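A short write-up of the structure that comes next.
Each chain gets a letter, A, B and so on, in the order the sequences are listed, and its residues count up from 1. On a predicted model such as this, the values are computed, not experimentally measured, just so you know.
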Amino acid sequence: MFKSMMEWVDARLPVSDLIKSQATEYPTPKNLNYWWNFGSLALFVLIIQLATGLFLAMHYKPDAAKAFDSVEHIMRDVNWGWLLRYLHANGATFFFVMVYTHILRGMYYGSHRKPREILWWFGVIIFFVLMATAFMGYVLPWGQMSYWGASVITNLLSAVPVAGEELVVWVWGGFSVGDPTLNRFFVLHFLLPFVVLGLVVVHLWALHAVHSNNPDGIDLEHKDTIPFHPFFTIKDLYGVGVFLIVFCIFVFYAPNFFLEPDNYIEANPMQTPAHIVPEWYFLPFYAILRSIDFLGPYSKFAGVIAMGGAIAILFLLPFLDRSPARSFRYRPVSRVLFWIFVVNSFILGWVGYNPADATVFGGMPIVYVGRAGTAVYFGYFLLLWFITVTGMEKPQPLPKSL
Amino acid sequence: MQVYKVLIYKDMPISRAIDPQGDLTHILQSENISSRLSRFFTIAKKWKQKCRLGISAALADVPQPYVCLAGRSMEPMVIEQEESRRDFLILATSAVGAAGVAGAAWPFIRSWSPTADVLAQATTEVGLKSIEEGQMITVPWQGKPVFILHRTPAQVKSAQADDKATMTEPMPDAERTIKPEWLVVVALCSHLGCVPQPVGTGDYGGFLCPCHGSHYDTSGRIRKGPAPRNLAVPHYEFKDPQTIVIGKAVA
Ligand code: HEM
Ligand code: FES
């Protein structure tokens, strides 16, 4: 019965072919490690965000006078509303955990190298849109952090030469962040995740055109691959299980761990909280923004350029790395640089979390740490280029096959 | 009747792949162009569709078009004209399309700008009578906080004394006030728009922006920190000695 039904469908739309070639029998490297789970995990979290977001939107009111109350209404009155919101708010956090791990995986194993440049670029675009989505989502509850975070970030646009001031007024739809801003951010926050979904389709299309990289970073022969199903369906499901355990611990036992208490105070345009912090996933970039404070009137624009550049430089990565070996497994120097980069990102995050005028180590302004961290961040890309273009790093011999 | 179009070029190389029998190579080696054409046409007619495909495919590696043979008429024409005509048509169509899209986008873009009712709330009237010397109030104007500080003689003096100090955006205190005892500034930090803390919190006796540590003096001028400009002085007028109107009415 099912078989003849599928035959009828396949004659009209070759579904079975697609499933076979792109999923069940899709050849997958047999040596993939657990770092390869984070792509499917990111997709899983995207689905959580889409589902919870859709149902939150059915109760949420994008109106400066009502938004804060409507979120409290979701928390207190809507059946299971607290669960929807905590899933959604913590989902954003875990989305970034997945995406950051996924990106670092690619940087370590050289997954951006030829022929995967377009695949990588779509990844960077997704990351970019994701940041915009999360930023606008965080504005919606209209708490103090929502409001002032939005103020600080939209004000970055005023650093644009010539048209900056007009640009900000245009984005706000007024002379400060206000009701029109909230309303358009809600619409965009609703829309962008679906744009992300479309980008993910192209990302996967590009992946399936060139196939997965692997921990050894070598081109594989067919004998080195195994079918996606059942080997990776089961492995990805296992990953989802582990993730759900961690996720649920936060959602049910520490739902406000990643949220700021100040965001439970309604937005007040007349008063800035003593200390504005962005969500943790923006902290390293925020630290880079603030570390450029020594250029007088040009500091602001330079800071914005540095922050944008910190993400944009990922686009260039496929061309900066010139080593004959993709994977850092066979590249001792790059490996050391990589871990310095990772540790440095955490240090930048910590700098971003602290007030700008904080001092550390008995009196040193923290901004010095921020500047050093910014230098290390960009230095990583520069050094990676330098040691590979000059051939200073001699990769260890690569295996011919697995 | 199958209508087909074939193209022949001077020195047209035809690859063996599309011309397995070598007929065309043979023709193209013959001496004058008219004999090439007529012999070509005979074969082309025989090949019909197949021939058309074969010949068009060969276009790719020929930089210099020579003549075009259209249908069965055998009327040669210069293909360069045909090509530039087509280029022009494509270009013109794209240009009209792009202009249309740009024009149509404008209303959408402008819909984000402040609406008429937002613009209408352009002024705020504030009574100064109840503000004691040394006291400061914050009033909303266009959704933005405005500090109104009734400066003490000491604060005025320190602001005026600093006129000659080096600062990011030098400006004498007299240009920033209408009456020296009243300081009216938009309380948004020129760095990233936080509200600075009340007078007396920063170095220089003025305002400290808590976000990234910008210090403004008692005239609201930036003295230290990342902010690039002084606190803005809004347009305001004394309606009478006890009342100011902030902002300009917008039509
Ligand atoms: C890329 C996926 C998404 C991310 C990263 C994301 C992120 C966020 C964040 C960080 C918040 C603030 C949470 C809080 O502090 O309360 C939020 C709120 C919200 N989001 Fe999303 N979101 C996503 C997808 C969606 C979708 C698809 C919708 C609707 C279709 C949606 C609707 C909402 C609504 C209505 C709120 C306000 C309620 C609340 O604050 O909990 N989101 N989102
Ligand atoms: S917003 Fe005031 S110092 Fe940055």
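Looking at every heavy atom in both residues, A:Met270 comes nearest to B:Thr138 through SD-CG2, 4.2 Å. Across every non-hydrogen atom of A:Pro273 and B:Pro210, the tightest pair is O-CG, 4.2 Å. The two residues A:Thr272 and B:Val195 make their nearest non-hydrogen contact at OG1-N, 2.5 Å. Heavy-atom minimum distance, A:Val152 versus B:Cys194: CG2-SG, 3.8 Å.
Neither the backbone nor the side chain of A:Leu167 comes within less than 4.5 Å of any heavy atom in chain B. Both the backbone and the side chain of A:Trp170 come within less than 4.5 Å of a heavy atom of chain B. A:Ile276 touches chain B through its side chain: at least one heavy atom from C-beta onward sits under 4.5 Å away, while N, CA, C and O do not. Of the two parts of B:Ile109, the backbone and the side chain both hold a non-hydrogen atom closer than 4.5 Å to a non-hydrogen atom of chain A. Residue A:Pro355: no heavy atom, backbone or side chain, is found under 4.5 Å from chain B.
More than 12 heavy atoms of other shown residues, nucleotides or ligands fall within 6.0 angstrom of atom CZ in A:Phe127. Counting heavy-atom neighbours within 6.0 Å of B:Lys179 NZ, excluding the residue itself, gives a total above 12. No more than 12 heavy atoms of other residues, nucleotides or ligands lie within 6.0 Å of CZ in A:Phe346, so this atom counts as exposed by the packing criterion. Within 6.0 Å of CZ in A:Phe257 there are 12 or fewer heavy atoms belonging to other residues, nucleotides or ligands. The environment of OH in A:Tyr264 is crowded: more than 12 heavy-atom neighbours from other residues, nucleotides or ligands sit within 6.0 Å. Atom OH of A:Tyr298 is surrounded by 12 or fewer heavy atoms from other residues, nucleotides or ligands within 6.0 Å. Within a 6.0 Å radius of CZ in A:Phe194, more than 12 heavy atoms belonging to other residues, nucleotides or ligands are found.
At least one donor-acceptor pair under 3.5 Å links the side chain of A:Ser176 to the backbone N or O of B:Gly143.
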- [ ] List the steps, then state whether side chain to side chain contact (heavy atoms under 4.5 Å, CB included) holds for B:Trp112 with A:Val169.
- [x] CA-CA 9 Å; B:Trp112 267 31; A:Val169 169; over 6 Å; no
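Separating the CZ atom in A:Arg290 from the SG atom in B:Cys211 is a distance of 9.0 Å, to the nearest 0.5 Å. With values rounded to the nearest 0.5 angstrom, A:Asp293 atom CG is found 8.5 Å from B:His191 atom NE2.
Ranked by heavy-atom pairs under 4.5 Å with chain A, the first of B:Ser111, B:Pro145, B:Pro228 is B:Pro145. Per-residue heavy-atom pair counts under 4.5 Å with chain A were compared for B:Gly225, B:Pro226, B:Ser190, B:Ser113, and the maximum is reached by B:Ser113.
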